[in-house]
Structures are given as structure tokens and as C-alpha cells.
Protein chains: 2
Amino acid sequence: MNDELLQVLRRPPQERADAARNRTRLLEAAARLFAEGGVEALTVDAAARAAGVGKGTVFRRFGDKSGLVAALLDQRERELQEAIIFGEPPLGPGAPARERALAFFDAYLGYLADHLDLVRLSETAAPGARFRIGAYAFWHRHLAILCAHRPDPDHLAHLLLGTVAADLNAELLRQGLGWDRIRAGVASTVDALVGPSSPEAP
Amino acid sequence: MNDELLQVLRRPPQERADAARNRTRLLEAAARLFAEGGVEALTVDAAARAAGVGKGTVFRRFGDKSGLVAALLDQRERELQEAIIFGEPPLGPGAPARERALAFFDAYLGYLADHLDLVRLSETAAPGARFRIGAYAFWHRHLAILCAHRPDPDHLAHLLLGTVAADLNAELLRQGLGWDRIRAGVASTVDALVGPSSPEAP
DNA sequence: AGCCTAACCGGACTTGAGTCCGCTTGTCTA
DNA sequence: TAGACAAGCGGACTCAAGTCCGGTTAGGCT
């Protein structure tokens, strides 16, 4: 499937040339700021200044700080999403629900470990921000489908995603748990909750 | 057991008279502001002004906004904590771990439903605030003890508490789930995770 | 090519959390 | 009762997110 096509599907209303240029500049500037000074250096003012645009532009383009950071993570998220839709089992279609769920959480924890600070920033920038990020809805739907055989898939999917909340996992690391222990705990939890799956899944 | 004694145990270094008076004034003012204008009216500046103290005093007394709000909730939390330590089973000691855990989450969801806005405010005032609130450590230890028969009680207790995070449940309500559905989902999740318990618990 | 307008731009402004530090006061001791 | 000093006080200050609005411009249309 064509990258360009996917991109178009994702952003239907075409953007004016200057707007697109500023989006790119902002993302580059934000990435640079983060690379150089970590999460603390990544303020909206600094990103706007470094990109040579006004602050208002950032908010028009990305909604809020959380949206700017989410856009930075977009590429990696998209890779995971595509692996889920089009990839090989067990992450992609074809494996039993339980295996797919386990594969998803394993992959997601890899993503989280690689980008914990940014994910945390985008999830905690404002109350409820986590649930407004586009990707959250995707993960949620995916899991709800995998839990279709359980009583309340919608709710259960939210609870499952709670296990990989960035703020929680940052705290677990701070308390000295390592990623191995986190992985094991999440796996066993997912296993218990998704439970014995029907032989095949969508 | 004597209330005063409990209080002393909880706050060993005695407070200067003016400090105690200002604490009371601040809590009263904050409660009033919240009662009148909801969560939006409850800013640190407003509370300080209404209490007739300086802003610095609020931060010295309560650490941050999250701490001020947590102090407002302290009374209700303490009731629940005492019921867990000294109360009747299944909430108090004597019932099997699974029943105690279920009773805890049922009681906690009642508390959460009554005070959702305040709990959410105190949990989301800053990244990681949730885990710094004194009560969180209490709930966590309680659950970890109840999960002692499972592989990683410490981690599991954190994941269980994730199901009652205020921000998540506020979102669930916003999406149209009711408390009944939330209760049922949490109960079935806790049941699956705490699992068949050893016959008695501490 | 020239016009029209919706979209975009940017930076000053508002708001609220959290810090700082010189001044004040409660409390303990003699 | 008086003196010493740790604890407490408060409000001006800093810092960052998010809003607003008058001016500008890309790009479609004629």
C-alpha cells in the first residue's frame, strides 16, 4: 500500500503551502530542541522561536502542546499501526486474539521504552490529553476487537491500555522496576484478562 | 482507637499555632471555592486570597496544588483507610484476599464517584502527582499484600490501581459509560487478576 | 494578470503554578 | 519576663501554556 495514499487518507483537507512549510519547520525545530535539551527544553515558545514562526501558529497547527508532541511521535506510531493492520501474525491479522494482544503489548512497550519522555509529555500535558491523541483511539479499537469474546470489550480495552500509561511506567522505573519486570507483569495481566481466546481473530 | 492519637501519629512534628490556623483557613476557603464554582474556581491564588494568606504559605503548607486538593479529600480517605485496617470484613481484615480486594474497589469507586472532580484535580495537577499523594502508597501496599500469592504483587498492585485512575474514569463517563458498568468491569478485572485466593488474608 | 477571500500569521496579552527572600512572630529557655 | 532563633509569612517575580485579533497572503476564479 502506497505511503502517499495513506497520508492523504489521514489528512483530507489539503494544506496551504505556507502552512505545510511551517508544520515541517516546527516539527524539525521541536525534534532538535528535544534532542539537545530533553523534555525540559521543549517548550512551545522555544519551538516557535526556533522555527521562526509565531506562537499562535503552533496552536493553530497542533491544537496544544500535547498535539505537537504527538506529531513528533507520529512516525513511529504509524509503523506500529501498519504492522497491526497489514503485518505478519502474531502482531498482524491471523493469530488468535490472545497472541495478538500479547504481541501488541510487547511491541508497544518497546515503543514506550524508546520514547518514554515524549509519550509521557504528550499524555500528561493536560488532563485527558492521553485520550484525545488520535493513536489512543486506534489502540483502543484494536484491543476492543480482540476482546470481543469478553463481557465489556470497550471498558476492558481501556483498562488494558492503562497498564502502559506513560506516567505510570515512568513511576515504575523511578521505583526501580526494570523493563523486563514491567514486560512480564503486563504480559501476565493481559494474558489473564484477554483470556482463552476463540481460535481465530479478525 | 483514639482519633487524636491517630492524628498525632500521622503528623509527628507539632505545628506552630499560626501555621495550624492558616492550614484550617486555607482548607475552609478552598472547600468553599470549590463548592461555589467547581474545580475551575479552585486556583491557588484564589484560595490564598480567600483565606487571607500569601500564596507562598499555600506552597509551604501543602507542597503544591495537588497537595492542597489531597488535603481536602483527606477526611474521606482516612475513613476508608480505617475501615480497611480496623473495620469489618470483607473490607477489613478477616476475609479472603479476593473478597477484600473486591470490597476495596467497590468502596473506592464509591469514593471516586462522590469526589471525581477533586480526585482528578489532585491526580493530574502535575505529572506523577498521583503517585506522590500519601494515600496512593497506602492503597498500593494494601493491594500488594492482598496479591502476595501472585508473581509480582508490587507491579500488579499498581496495575490494579490504574483501573480506578480518576482521569481514566472521567473519560469513561464522558464516553457514556455509567458507574454501574465501570463497577462491573473493574470487579471482573480485579477478580481475574487477584484470582483464587489462599483461604485467609492478613 | 488582477481580484477576492478564506486561511494563515505572529506576537502581545492573560492566566495560573510555583519560587524567592527579606521581614515577622511563636515558642522555648533562662 | 526577656531574649534568641527557627519557623512561618506574603507578595512580587518567573516561567510556560493558551487566547486574541489586526494585518498578510496563497491560490482559485474570471
Side-chain angles (χ1 to χ4, degrees), chain A residues 11-27 29-30 33-34 37-72 117-118 120-129 132, chain B residues 11-27 29-30 33-34 37-72 120-130 132-133:
Chain A
R11 209 158 57 225
Q14 71 286 22
E15 217 165 31
R16 236 168 72 168
D18 51 350
R21 190 197 57 216
N22 283 343
R23 149 174 280 125
T24 306
R25 279 192 192 164
L26 275 167
L27 288 175
L33 283 170
F34 174 70
V39 105
E40 285 188 7
L42 183 47
T43 69
V44 174
D45 285 273
R49 204 162 339 113
V53 307
K55 197 175 182 177
T57 303
V58 183
F59 287 98
R60 194 166 338 88
R61 197 71 34 225
F62 297 104
D64 59 9
K65 185 180 183 179
S66 165
L68 171 63
V69 178
L72 279 179
D117 284 351
L118 281 180
R120 184 173 187 224
L121 188 57
S122 88
E123 289 186 0
T124 61
R132 270 176 258 126
Chain B
R11 209 157 59 224
Q14 72 284 26
E15 217 166 31
R16 241 169 67 168
D18 50 349
R21 191 196 56 216
N22 283 344
R23 150 174 280 126
T24 306
R25 279 193 191 161
L26 275 167
L27 288 175
L33 283 170
F34 174 71
V39 105
E40 285 188 7
L42 184 46
T43 69
V44 174
D45 285 274
R49 203 165 337 112
V53 306
K55 197 176 183 176
T57 303
V58 183
F59 288 97
R60 193 167 336 88
R61 196 70 35 223
F62 297 104
D64 60 9
K65 186 180 182 180
S66 165
L68 171 62
V69 178
L72 279 179
R120 184 173 187 223
L121 188 57
S122 88
E123 288 186 359
T124 61
R130 176 162 198 236
R132 269 176 260 126
I133 298 170

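Just so we're on the same page: letters track the sequence lines, and every chain starts at 1.
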Heavy-atom pair with the smallest gap, counting every atom of [X] and [Y]:
X	Y	answer
A29(A)	A47(A)	CB-O, 3.9 Å
S122(A)	S66(A)	O-OG, 2.9 Å
R25(A)	A51(A)	CD-O, 3.5 Å
R61(B)	A19(B)	NH2-CB, 3.3 Å
L27(A)	L72(A)	O-CD2, 3.6 Å

Query raised in the report: Within a strict 4.5 Å, meaning less than it, do heavy atoms of the V44(A) and F62(A) side chains meet?
Result: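 With C-beta onward as the side chain, the pair stays apart.
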
Query raised in the report: Taking C-beta and beyond as the side chain, do D64(A) and V58(A) meet within less than 4.5 Å on heavy atoms?
Result: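 The answer is no; the side chains never approach within 4.5 Å.
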
Query raised in the report: Which nucleotide of DNA chain D is the first, and which the last, in the 5' to 3' direction, to come under 4.0 Å of a heavy atom belonging to chain B?
Result: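 Terminal contacting nucleotides, 5' to 3': dA6(D) to dG11(D).
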
Report task. Could you run through nucleotides 5-12 of chain C and give me one letter per nucleotide, 5' to 3': B if any protein heavy atom sits under 4.0 Å from the base, S if only the sugar-phosphate is that close, - if neither? Result -> -BBSBBB-

Requested in this report: Let me know the distance between CZ of F62(B) and P of dG18(C), rounded to the nearest Å.
Outcome: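 One finds 14 Å between P of dG18(C) and CZ of F62(B), rounded.
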
**Report entry** Worked check of side chain to side chain contact (heavy atoms under 4.5 Å, CB included) between R21(B) and D18(B)
**Finding:** CA-CA 5 Å; R21(B) 191 196 56 216; D18(B) 50 349; 3.9 Å; yes

Report task. Could you say whether A17(B) or T43(B) is positioned toward the 5' end of DNA chain C, judged by the nucleotide with the nearest heavy atom to each? Result ->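 The residue whose closest nucleotide sits nearer the 5' end is T43(B).
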
